[in-house]
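The shown structure was predicted, so the numbers you read here are calculated from the model rather than taken from an experiment.
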Amino acid sequence: MSLPLVRLSSLDPLRGFVAVGRRMSITLAAEELCLTQSAVSRQIHALEQQLGCRLFVRQHRGVAFTPEGERLFRSADSALQQLQDVMGELRRSEERRPVTLTASVGVVGLWLLPRLPALQRLHPQVDLRLSAGNRLADLRADGIDLAMRYCSAADAPADAVHLFGETLAPVLHPRLAQELAHEPGALARMTLLELDDPRPWLQWQSWRAAMPARAGGARTRPTMLRLNQYDQVIHAALAGQGVALGRLELLQPLLASGQLACLPDGVLREAAPRPSPFGYWLLQAEPAPREDVRRVAAWIQAEARASQPGARPGPAAGTSA
């Protein structure tokens with residue numbers, strides 16, 4: 001006949017009993033449970049009193065089961081092992097897991113990586129893993145928590161969070177900017193760095209009508225260098241290899257630090273930064289993500305607000321204001 005649930009022994013005496021039964025030693029059981037030997041002995045005694053029978057007999061070295069103790073141990077050991085297994089699995093499922101964030105190669109290299117030290121200072125316990133690639137990922141199928149995507153408002157998923165738009169303007173190494181400040185026509189001799197991408201706003205074609213002619217008034221085809229990744233375009237500009245079309249929101253740290261500069265005034269006609277029809281959006285795999293994912297998402301949104309260019313970055317040192 002089964003006991004009512006209310007009359008079952010509490011877990012502590014059963015845990016002490018099973019620990020002793022597994023080791024056949026009160027001393028070793030006490031070490032495993034981080035208790036004193038007397039505390040474990042009291043647990044066994046309390047369980048024996050409740051059941052009205054002895055469970056162990058003491059021997060010269062350790063203990064031995066009584067018939068009643070052996071019968072109880074077979075059931076209690078199996079039950080507690082199942083509890084250990086299930087609770088261990090549940091706990092592992094709730095342990096801190098890495099937060100996986102995917103974005104294009106350019107966004108990772110130019111926007112995310114310069115900002116990661118700030119995230120690590122703010123949330124040192126977060127394990128962030130970046131997946132850089134231009135392929136659109138299926139977040140849930142690929143086990144990805146967050147994605148930054150570049151698209152138009154019409155193509156953004158309904159639950160996507162708008163991070164920032166895109167503003168384009170020519171950018172170059174400050175040394176070249178100073179050269180242009182003294183000789184605006186030198187732009188006609190400089191290499192134009194371009195992303196190999198069919199979207200027209202990312203190409204120089206729409207800017208070339210505003211460029212100065214070469215000496216003598218001739219307007220010849222400029223020297224072009226096309227690269228298939230946007231971060232390569234910007235690294236070439238940082239190396240002084242030419243002039244790139246800068247996506248100002250992505251380049252804000254490089255412009256603020258003076259590693260890149262916008263064209264000095266007067267070099268181009270209609271040189272004001274131009275908005276593109278695309279922007280950057282944040283997607284979450286789960287509508288109610290775990291805490292670490294929420295922390296990273298909130299940080300990205302805060303950094304995105306700081307990326308909005310309130311005004312065109314000032315002219316390079318040595319140019320007119």
Side-chain angles (χ1 to χ4, degrees), residues 82-167 195 197 199 202 229-231 234 247-256 275-310:
Q82 290 183 51
L83 279 175
Q84 287 178 264
D85 293 343
V86 172
M87 294 179 74
E89 290 174 6
L90 293 175
R91 178 168 294 182
R92 280 194 297 273
S93 70
E94 293 303 317
E95 285 177 352
R96 179 159 283 121
R97 304 198 306 272
V99 177
T100 304
L101 168 63
T102 183
S104 70
V105 174
V107 170
V108 169
L110 297 171
W111 196 89
L112 278 168
L113 287 181
R115 291 170 167 81
L116 282 189
L119 174 65
Q120 291 164 346
R121 288 192 298 270
L122 184 62
H123 299 300
Q125 77 283 7
V126 171
D127 180 4
L128 179 64
R129 299 190 183 178
L130 297 178
S131 175
N134 296 330
R135 179 183 67 86
L136 289 182
D138 183 332
L139 301 192
R140 292 186 181 178
D142 295 340
I144 293 171
D145 298 301
L146 297 167
M148 290 180 67
R149 285 189 177 164
Y150 175 67
C151 62
S152 67
D155 291 332
D159 57 350
V161 176
H162 183 252
L163 295 174
F164 47 84
E166 180 173 68
T167 313
L195 179 65
D197 187 288
R199 287 167 286 207
L202 298 177
Q229 297 290 346
Y230 187 66
D231 63 332
I234 298 306
R247 298 151 98 166
L248 300 186
E249 289 79 1
L250 295 186
L251 303 182
Q252 190 267 342
L254 296 174
L255 293 164
S276 92
F278 273 32
Y280 297 85
W281 305 78
L282 180 66
L283 283 69
Q284 293 184 168
E286 302 293 339
R290 62 190 186 279
E291 184 61 29
D292 280 355
V293 177
R294 287 197 294 270
R295 289 190 178 107
V296 174
W299 171 79
I300 290 173
Q301 291 175 65
E303 290 292 325
R305 288 191 291 271
S307 298
Q308 305 286 354

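Remark: R199 CZ is packed, more than 12 non-hydrogen atoms of other residues, nucleotides or ligands lying under 6.0 Å away.
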Please test D145 against V296 for side chain to side chain contact (heavy atoms under 4.5 Å, CB included), starting from the C-alpha separation and ending with a verdict. CA-CA 10 Å; D145 298 301; V296 174; over 6 Å; no
Q252 and E303: side chain to side chain contact (heavy atoms under 4.5 Å, CB included), yes or no, with the steps? CA-CA 11 Å; Q252 190 267 342; E303 290 292 325; over 6 Å; no
Take I234 and L250 through the test side chain to side chain contact (heavy atoms under 4.5 Å, CB included) and record every step on the way to the result. CA-CA 10 Å; I234 298 306; L250 295 186; over 6 Å; no
Candidate pair L195 and R247, rule side chain to side chain contact (heavy atoms under 4.5 Å, CB included), full reasoning: CA-CA 11 Å; L195 179 65; R247 298 151 98 166; 4.0 Å; yes
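Remark: E291 engages R294, R295 in a side-chain contact (heavy atoms from CB on, under 4.5 Å) (not counting sequence neighbours).
Closest of all the heavy-atom pairs between L283 and A160 is CD1-CB, 3.9 Å. Across L255 and L248, no two heavy atoms sit closer than the pair CD1-CD2, 3.8 Å. Contact record, W281 with S152: NE1-O, 4.1 Å, taken as the closest heavy-atom pair. Closest heavy-atom contact between I300 and W111: O-CH2, 3.8 Å.
The side-chain contact (heavy atoms from CB on, under 4.5 Å) test with P157 is passed by exactly one of V161, D159, D155: D159.
Interatomic distance, CD1 of I144 versus CD of Q284, reported as 14.0 Å (0.5 Å rounding). Taken from CZ in F278 to CG in L202, the straight-line distance is 8.5 Å, to the nearest 0.5 Å. Atom CG of L282 is separated from atom CZ of R149 by 10.5 Å, given to the nearest 0.5 angstrom. Taking CD from Q84 and CD from Q82, the interatomic distance works out to 11.0 Å, rounded to the nearest 0.5 Å.
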Under 3.5 Å, sequence neighbours excluded: what are the donor-acceptor pairs made by side chains of residues 103-110?
from: S104; atom 1: OG; to: V107; atom 2: N; distance (Å): 3.2

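Side-chain atoms of E249 come within 3.5 Å of backbone atoms of T167 as a donor-acceptor pair (strictly under, hydrogens ignored). With T102 contributing its side chain and A147 its backbone, the two residues share no donor-acceptor pair below 3.5 Å.
The aromatic rings of F164 and Y280 lie tilted to each other, with the angle between the two planes from 30° to 60°.
A salt bridge does not link D292 to R290: none of the charged side-chain nitrogens sits closer than 4.0 Å to a carboxylate oxygen.
In this structure, the side chains of L119 and L112 stay at 4.5 Å or more apart for every pair of heavy atoms.
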